[in-house]
Protein chains: 2
Amino acid sequence: MITLSEENYLKAIYHLGKQGVAAVSTNAIAEKIESKASSVTDMVKKLADKNLANYVKYQGVSLTNEGRLAAALVIRKHRLWEVFLVEKLNFSWDEVHDVAEQLEHIKSLKLVNELDAFLGFPTHDPHGDPIPDKDGKYAPNKSVNILDLEIGSEGILSLVKDSSDVFLKYLNKNNLALGDVIKVLEFEPFDDSVTIQTKERQIIISKEVAKNLYLSL
Amino acid sequence: MITLSEENYLKAIYHLGKQGVAAVSTNAIAEKIESKASSVTDMVKKLADKNLANYVKYQGVSLTNEGRLAAALVIRKHRLWEVFLVEKLNFSWDEVHDVAEQLEHIKSLKLVNELDAFLGFPTHDPHGDPIPDKDGKYAPNKSVNILDLEIGSEGILSLVKDSSDVFLKYLNKNNLALGDVIKVLEFEPFDDSVTIQTKERQIIISKEVAKNLYLSL
DNA sequence: ATTTATTTTTAGTCTTGCCTAAAAAAATAT
DNA sequence: ATATTTTTTTAGGCAAGACTAAAAATAAAT
Ligand SMILES: [Mn+2]
Ligand SMILES: [Mn+2]
Ligand SMILES: [Mn+2]
Ligand SMILES: [Mn+2]
């Protein structure tokens, strides 16, 4: 049995490990999970005992296949619940995360798979993140960051990397939503801000904002 | 903030207190919650500190208004989730309880109220138990136990008191479901068994079974 | 190659929620 | 009325998961 706390650590390691890093550092986990390094050391030993993580003192952590699958299944639940909340219960995309953080720990294989079917087997959550299948697999992401595009290129907003409610509320305020067609008009060298064309008008977005917007072409 | 464990104790005290008892005993709570009397004593002190329960040493426990509302809201969530699982996710009534035991602890006022609306404001759960409203109130139950009926009386099966999966599976096997029309044909004095007429046939049910079946007339 | 700074681990403590065993109180039986 | 049984509480402890402070290891800088 994997505890709620263990699931949260697995998720953190999974996300941090995705950046192509071989081993995740104790401090990085502590920061992500908003705890202290000493707590992480304790937990990481437990995960290693349970064959969920590989851990060598002073050399960071990685997930075993078993740990990676467990993490992916938690993320699968998180994202399916987010879809449920938005599609069925009138939540907006900036309200779902905290509730999904709770719902992702509900243990019932039947529940998650029936929920998946009920929602029509969605492939992405309300923020554009992919939903892993029963085996923890998902199609590789093809969208590209706005800052990596050429001037004049056009695409559909299909992923926002930051899902914090403050960022999502900024997007709401500026009438930006997943699925919108966006065209890159200009890069400003001074502050790396970007002028983009949205459906109804053109706006300037800061580098910090641009970093979090991904388009599919 | 009420913890998961506290919520379970509140629920237990609420259910035990419903039988018109003034104060609930330590042992009764321990049995219901499958723990030990000493653990109950500890927790009951905490509930009293938080103004959720009235507790006098050696004299049992009762809920304060605040505690009763908190308990009713947990039960509200439990029963709404049970409806969701049966109505939307193809669970059968004998599969929902354990999952609902987990889901009832999810904290989000918006979630429970939107779920309520999504389900069409159901008044009863899949076992016939009433669903409390936002204020913890529900209409008094009018159904009557089979053992309290006259021979020849007929009614609709509208509440099963035992929601354990073993009992519900017995009902499934014998083709008995909520909403069925049932007629009382005979009481057997020897073992208090009852002969009833269901939609398709007549069967003899034991006293233990009859005790858990309630009809509305 | 040392010294200094940073990261990580260990040691010890705290809280929550549970337990067993013993003591105390209340209820029941003689 | 006293003795016995049952119930409840107290005392002491354990495991999980967190923390702080100190020690040890590693990395960076001189
Ligand atoms: Mn989220
Ligand atoms: Mn998301
Ligand atoms: Mn139930
Ligand atoms: Mn029920």
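In what follows, chains are A, B, ... by sequence order, proteins preceding strands, each numbered from 1. No experiment lies behind these values; they were computed from the predicted model shown.
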Fill in: Closest listed nucleotide, where the reference is the side chain of A:D42 and the choices are D:dA18, C:dC18, C:dT9
D:dA18
Worksheet, complete the sentence: Rounded to whole Å, CD of A:Q59 lies from C1' of D:dA25 at a distance of 11 Å
Worksheet entry | Spacing of B:I2 atom CD1 relative to C:dG17 atom C1', expressed in whole Å | 17 Å
Discussion item. Is the positively charged end of B:K88 above the ring of B:F118, judged by distance under 6.0 angstrom from the centroid and angle within 45° of the axis?
Written reply: yes
Item to complete: State whether B:Y55 places a side-chain N or O below 4.0 Å from either non-bridging phosphate oxygen (OP1 or OP2) of D:dT9.
Response: yes
Worksheet item: OP1, OP2 of D:dG17 versus side-chain N and O of A:K46: anything below 4.0 Å?
Response: yes
Discussion item. How about NZ on B:K110, more than 12 heavy atoms from neighbouring residues, nucleotides or ligands closer than 6.0 Å, or not?
Written reply: yes
Fill in: Other residues, nucleotides, ligands: >12 heavy atoms within 6.0 Å of B:K134 NZ
no
Practice prompt. Determine whether any donor atom in the side chain of A:S38 lies under 3.5 Å from an acceptor atom in the base of D:dT20, or the reverse, and answer yes or no.
Written response: yes
Practice prompt. Rounded off to whole Å, could you give me the CD1-to-P distance for the B:I29 and C:dC18 pair?
Written response: 13 Å
Discussion item. How many whole angstroms separate atom OH of A:Y58 from atom P of C:dT6?
Written reply: 17 Å
Worksheet item: Taking CG from B:N27 and P from C:dA26, how many angstroms apart are they, rounded to a whole number?
Response: 16 Å
Worksheet, complete the sentence: Rounded to whole Å, CG of A:L47 lies from C1' of D:dA16 at a distance of 13 Å
Worksheet entry | Selection from D:dT8, C:dT9, D:dC19 that lies nearest to any side-chain heavy atom of B:T26 | D:dT8
Worksheet item: Is there a side-chain polar atom (N or O) of A:Y9 under 4.0 Å from OP1 or OP2 of D:dA18?
Response: yes
Worksheet item: For B:S39, which contact category applies under a 4.0 Å heavy-atom criterion: base, sugar-phosphate, or nothing?
Response: base
Item to complete: Give the rounded distance in Å between these two atoms: CE of B:M43 and P of D:dT8.
Response: 18 Å
Item to complete: Tell me yes or no: between the side chains of B:S143 and B:N141, is some donor less than 3.5 Å from an acceptor?
Response: yes
Worksheet item: Do any side-chain nitrogens or oxygens of B:S25 fall under 4.0 Å of OP1 or OP2 in D:dT7?
Response: no
Worksheet item: Distance check: side-chain N/O of B:K36 vs OP1/OP2 of C:dC18, anything under 4.0 Å?
Response: no
Worksheet item: Has A:K45 got a side-chain N or O lying under 4.0 Å from the OP1 or OP2 atom of C:dT10?
Response: yes
Worksheet item: Do the side-chain N and O atoms of A:S92 and A:D94 include a donor-acceptor pair separated by under 3.5 angstrom?
Response: yes
Worksheet, complete the sentence: Assign each of A:K57 and A:S5 the nucleotide of DNA chain D bearing its closest heavy atom; nearer the 5' end lies the nucleotide of A:S5
Worksheet item: What does B:T41 touch in the nucleic acid at a heavy-atom separation under 4.0 angstrom: a base, only the sugar-phosphate, or nothing?
Response: base
Response to the item:
Rounded to whole Å, CG of A:D49 lies from P of D:dA16 at a distance of 11 Å
